[in-house]
Amino acid sequence: RNKCDQGKRMRKQLTGMNVMTPQGNPLQFQMLVFPFSLTTSPFPLSHLLPCVCRAFKINELKTEVTNHLTMLEKRVELEGMKVMEIEKCRNDIKKLREEIVSRNNSNFLDDNKKLSPCRAIPSYPTYHLSKETMEALRLPTFDAWQWEPSEMLSCLEHMYHDLGLVRDFNINPITLKRWLLCIQDNYRNNPYHNFRHCFCVTQMMYSMICLCSLQEKFTQMDILALMTAAVCHDLDHPGFNNMYQINARTEMALRYNDISPLENHHCAVAFQIFSRPDCNIFFNFDPEAFKQIRQETITLILATDMARHSEILKTFKQKVDNFDYTNKEHVACLKMVLIKCCDISNEVRPMEVAEPWVDCLLEEYFMQSDREKAEGLPVAPFMDREKVTKSTAQTGFIKFVLLPMFETVMKLFPQIEEVMVQPLRESRDRYEELKQIDDAMKEKKKSENLTMDGEK
């Protein structure tokens with residue numbers, strides 16, 4: 001009877017025992033059926049229990065479960081540490097991004113915001129330009145202030161058609177429209193470096209191509225590179241020049257190692273746009289032709305860095321007296337000078353067209369100098385609102401930058417003297433007179449202040 005009672009208790013214990021599998025599932029022990037009667041078995045229960053454990057490998061299973069639990073605990077601990085590290089990294093990245101935004105004034109392109117104008121094509125009205133307008137577009141006197149952005153887009157579109165670029169390079173007219181829209185979207189609303197400036201530079205390039213009969217001297221690939229570089233030359237300009245980028249150690253300056261950071265950025269944005277099939281006017285180019293147009297466009301945009309002005313003009317002066325249109329180096333140098341002329345050509349235009357641009361440029365300069373003062377950075381005298389005037393800024397610029405360059409170009413193209421060089425000379429004379437008046441006013445004010453101090 002005692003053995004029978006022990007057997008019953010043993011069965012209950014084995015039946016109710018729960019062991020977890022490595023997968024975390026309970027392992028139920030069902031009622032054991034022995035091939036012999038516990039009441040008649042010659043073996044004591046103490047001998048049977050080790051046999052049962054061996055049969056079901058209970059000890060091994062318990063060990064395995066214990067080891068698995070230990071491993072899980074360590075894993076949880078490690079994962080917890082990883083979560084803390086990830087959170088710390090996220091916070092550090094967030095702080096870094098905030099610092100970059102605050103220092104850079106959003107210098108870099110927001111890919112989600114830009115480069116993706118979801119517009120129906122054409123989304124700007126198609127203007128049928130009059131004969132008078134088409135003729136005016138060919139002249140340096142063209143007044144861009146009279147035109148709305150959508151009208152300027154139509155004018156740019158006309159230039160590409162009129163020069164035969166759409167026909168000769170099999171450019172899809174719809175792609176041309178999309179590209180121009182995307183270009184407009186990627187010029188910021190700066191006082192000076194904006195889409196209207198882009199249009200003026202491109203229109204002056206178109207004017208020089210027509211006036212100087214460049215299509216008779218250059219290849220169509222050269223013409224395409226000149227026009228496209230003019231359109232793209234200031235894309236996504238942040239309104240702060242290279243000196244600010246370098247002194248403030250912005251991300252743009254760091255990315256391009258202080259070497260023409262803005263111009264390199266303009267090139268990068270331009271070819272980001274071209275990388276979109278719906279905006280790629282070079283879509284039908286073979287790989288070699290695309291490589292050529294890309295290299296020439298980049299070379300021309302990089303030439304607009306004023307830090308390279310003396311270097312480029314000096315090289316051109318060495319070639320101009322014996323210029324050879326069959327010499328690739330000569331042609332490449334001339335193209336760089338041409339885009340430089342167009343980039344800073346406002347004073348070539350009539351006074352009523354040119355003077356508002358001076359105000360826009362000074363406004364942008366003053367914004368930068370104010371920020372430089374606030375950040376403790378060096379301030380260029382010609383950008384300091386407390387030191388510069390319109391007359392002092394323009395007199396030196398026309399005398400020492402514009403006239404020497406345009407007069408050198410005039411040696412190759414005498415026809416620009418009347419329509420470009422002479423207006424520059426007149427503008428120089430006008431600003432010199434203004435400067436004399438300003439200087440006289442300063443002297444008068446200074447003497448009045450000295451008199452008042454003496455009376456005190």
Side-chain angles (χ1 to χ4, degrees), residues 136-145 192-193 196-214 226 230 233-234 300 303-317 319-321 323 333-362 364-365 382 388-439:
L137 273 173
R138 291 170 166 257
L139 302 174
T141 53
F142 188 83
D143 185 359
W145 295 110
Y192 184 87
H193 291 100
R196 195 177 298 275
H197 168 68
C198 151
F199 174 80
C200 287
V201 174
T202 310
Q203 185 273 325
M204 186 62 74
M205 180 65 76
Y206 175 67
S207 175
M208 292 197 81
I209 291 169
C210 297
L211 283 169
C212 303
S213 303
L214 292 182
L226 284 167
H233 84 283
D234 271 333
L300 291 174
T304 62
D305 183 357
M306 286 303 294
R308 298 182 58 200
H309 177 79
S310 298
E311 163 214 333
I312 293 172
L313 185 57
K314 181 181 177 181
T315 304
F316 182 61
K317 284 180 176 179
K319 302 178 187 301
V320 70
D321 292 329
F323 196 85
C333 188
L334 173 57
K335 287 190 293 184
M336 287 194 284
V337 171
L338 288 174
I339 195 168
K340 286 178 60 58
C341 286
C342 296
D343 188 23
I344 53 178
S345 62
N346 289 324
E347 290 300 334
V348 166
R349 302 181 189 275
M351 181 185 70
E352 62 273 14
V353 179
E355 194 165 6
W357 281 114
V358 182
D359 296 326
C360 293
L361 184 60
L362 288 177
E364 197 166 294
Y365 280 174
F382 68 89
V388 72
T389 64
K390 189 186 296 187
S391 60
T392 57
Q394 292 305 98
T395 301
F397 187 65
I398 295 171
K399 283 175 67 175
F400 302 114
V401 178
L402 290 178
L403 271 173
M405 183 166 63
F406 275 87
E407 286 174 346
T408 306
V409 174
M410 187 179 69
K411 292 181 179 180
L412 274 185
F413 307 110
Q415 59 267 46
I416 73 168
E417 180 173 14
E418 182 181 350
V419 292
M420 292 185 174
V421 178
Q422 190 56 35
L424 280 176
R425 292 168 180 158
E426 293 171 0
S427 182
R428 173 201 59 194
D429 295 341
R430 184 174 69 255
Y431 279 114
E432 282 184 337
E433 290 176 9
L434 283 174
K435 186 176 181 300
Q436 290 175 359
I437 295 171
D438 289 344
D439 290 343

**Q** Could you tell me whether the side chain of Gln203 and the main chain of Leu139 form a donor-acceptor pair under 3.5 Å?
**A**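 At least one qualifying donor-acceptor pair exists.
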
**Q** Treating Thr304 as the side-chain partner and Leu300 as the backbone partner, does any N or O pair qualify as donor plus acceptor under 3.5 Å?
**A**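 No, Thr304 side chain to Leu300 backbone: no donor-acceptor pair under 3.5 Å.
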
**Q** Sequence neighbours left out, what pairs pass ring-ring contact (aromatic ring centres under 6.0 Å, His included) with at least one residue falling in residues 339-360?
**A**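 Residue pairs passing ring-ring contact (aromatic ring centres under 6.0 Å, His included), neighbours aside: Trp145-Trp357, Tyr192-Trp357.
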
**Q** Rounded at 0.5 Å granularity, tell me how far CD1 in Ile339 sits from CD1 in Ile312.
**A**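 Rounded to the nearest 0.5 Å, the CD1-CD1 separation comes out at 10.0 Å.
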
**Q** With rounding to the nearest 0.5 angstrom, report the OG to CE distance, Ser345 to Met204.
**A**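 Spacing of OG (Ser345) from CE (Met204) equals 3.5 Å.
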
**Q** Listed by chain and number, what are the side-chain contact (heavy atoms from CB on, under 4.5 Å) partners of Met410, not counting sequence neighbours?
**A**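 Applying side-chain contact (heavy atoms from CB on, under 4.5 Å) to Met410 gives Ile416, Glu417, Val421, Arg425.
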
**Q** Drop me the distance from Met208's CE to Leu226's CG, to the nearest 0.5 angstrom.
**A**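 Spacing of CE (Met208) from CG (Leu226) equals 10.0 Å.
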
**Q** Look up atom CD in Gln415 and atom OG in Ser213, then write down how far apart they are to the nearest 0.5 Å.
**A**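 The OG atom of Ser213 is 6.5 Å from CD of Gln415, to the nearest 0.5 Å.
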
**Q** Calculate, to the nearest 0.5 Å, the distance between atoms CZ and CD belonging to Arg428 and Glu432 respectively.
**A**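 Reported to 0.5 Å precision, the distance equals 6.0 Å.
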
**Q** With sequence neighbours excluded, tell me which residues meet side-chain contact (heavy atoms from CB on, under 4.5 Å) with Pro423.
**A**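 None.
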
**Q** Listed by chain and number, what are the ring pair (Phe, Tyr, Trp, His ring centres under 6.0 Å) partners of Phe382, not counting sequence neighbours?
**A**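 In terms of ring pair (Phe, Tyr, Trp, His ring centres under 6.0 Å), with neighbours along the sequence ignored, Phe382 is linked to Tyr365.
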
**Q** Heavy-atom count check: over 12 atoms from other residues, nucleotides or ligands less than 6.0 Å from Glu352 CD?
**A**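 It does: Glu352 CD has more than 12 such atoms within range.
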
**Q** Kindly write out the residues that satisfy ring pair (Phe, Tyr, Trp, His ring centres under 6.0 Å) with Tyr206, not counting sequence neighbours, or none if the list is empty.
**A**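 With sequence neighbours excluded, Tyr206 shows a ring pair (Phe, Tyr, Trp, His ring centres under 6.0 Å) to no residue whatsoever.
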
**Q** Please identify each residue that fulfils salt bridge (charged side-chain N to carboxylate O under 4.0 Å, His left out) with Asp439, with sequence neighbours left out.
**A**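 Applying salt bridge (charged side-chain N to carboxylate O under 4.0 Å, His left out) to Asp439 gives Lys435.
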
**Q** How about His309 and Met405: do any of their side-chain heavy atoms sit closer than 4.5 Å?
**A**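 Yes, side chains in contact.
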
**Q** Tell me whether Arg138 contacts the main-chain N or O of Leu211 through its side chain, where contact means a donor paired with an acceptor under 3.5 Å.
**A**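 Looks like no, no N/O pair under 3.5 Å.
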
**Q** Please find the pair of heavy atoms, one from Val353 and one from Phe142, that lie closest to each other, and give the distance.
**A**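 Between these two residues, the closest heavy atoms are CG1-O, 4.2 Å.
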
**Q** Taking only residues two or more places apart in sequence, or in another chain, which ones meet Asp359 in a salt bridge (charged side-chain N to carboxylate O under 4.0 Å, His left out)?
**A**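 Salt bridge (charged side-chain N to carboxylate O under 4.0 Å, His left out) list for Asp359, sorted by chain: Lys390.
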
**Q** Does His233 have any ring pair (Phe, Tyr, Trp, His ring centres under 6.0 Å) partners at least two apart in sequence or in another chain, and if so, which?
**A**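 Per chain and number, His233 pairs via ring pair (Phe, Tyr, Trp, His ring centres under 6.0 Å) with His197.
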
**Q** Tabulate below the donor-acceptor pairs under 3.5 Å that side-chain atoms of residues 393-404 make, not counting sequence neighbours, or state none.
**A**
{"unit_1": "Gln394", "atom_1": "NE2", "unit_2": "Glu347", "atom_2": "OE2", "d": "2.8"}
{"unit_1": "Thr395", "atom_1": "OG1", "unit_2": "Ser391", "atom_2": "O", "d": "2.6"}
{"unit_1": "Thr395", "atom_1": "OG1", "unit_2": "Tyr431", "atom_2": "O", "d": "3.4"}

**Q** Going by side-chain contact (heavy atoms from CB on, under 4.5 Å), name the residues that satisfy it together with Thr408, two or more places apart in sequence or in a different chain.
**A**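 Residues passing side-chain contact (heavy atoms from CB on, under 4.5 Å) with Thr408: Leu313, Phe316, Lys317, Val320.
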
**Q** With sequence neighbours excluded, what pairs up with Glu433 under the salt bridge (charged side-chain N to carboxylate O under 4.0 Å, His left out) test?
**A**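 Salt bridge (charged side-chain N to carboxylate O under 4.0 Å, His left out) check on Glu433 returns nothing, list empty.
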
**Q** May I ask you to decide if Leu424's main-chain N or O and Ser427's side chain share a donor-acceptor pair within less than 3.5 Å?
**A**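 No: the side chain of Ser427 does not pair with the backbone of Leu424.
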
**Q** Does anything in residues 333-345 pair up under salt bridge (charged side-chain N to carboxylate O under 4.0 Å, His left out), and if so which pairs, sequence neighbours excluded?
**A**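 For residues 333-345: Asp222-Lys335, Glu296-Lys335.
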
**Q** Rounded at 0.5 Å granularity, tell me how far CG in Leu361 sits from CG in Asn346.
**A**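 Going from CG on Leu361 over to CG on Asn346, the span is 8.5 Å.
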
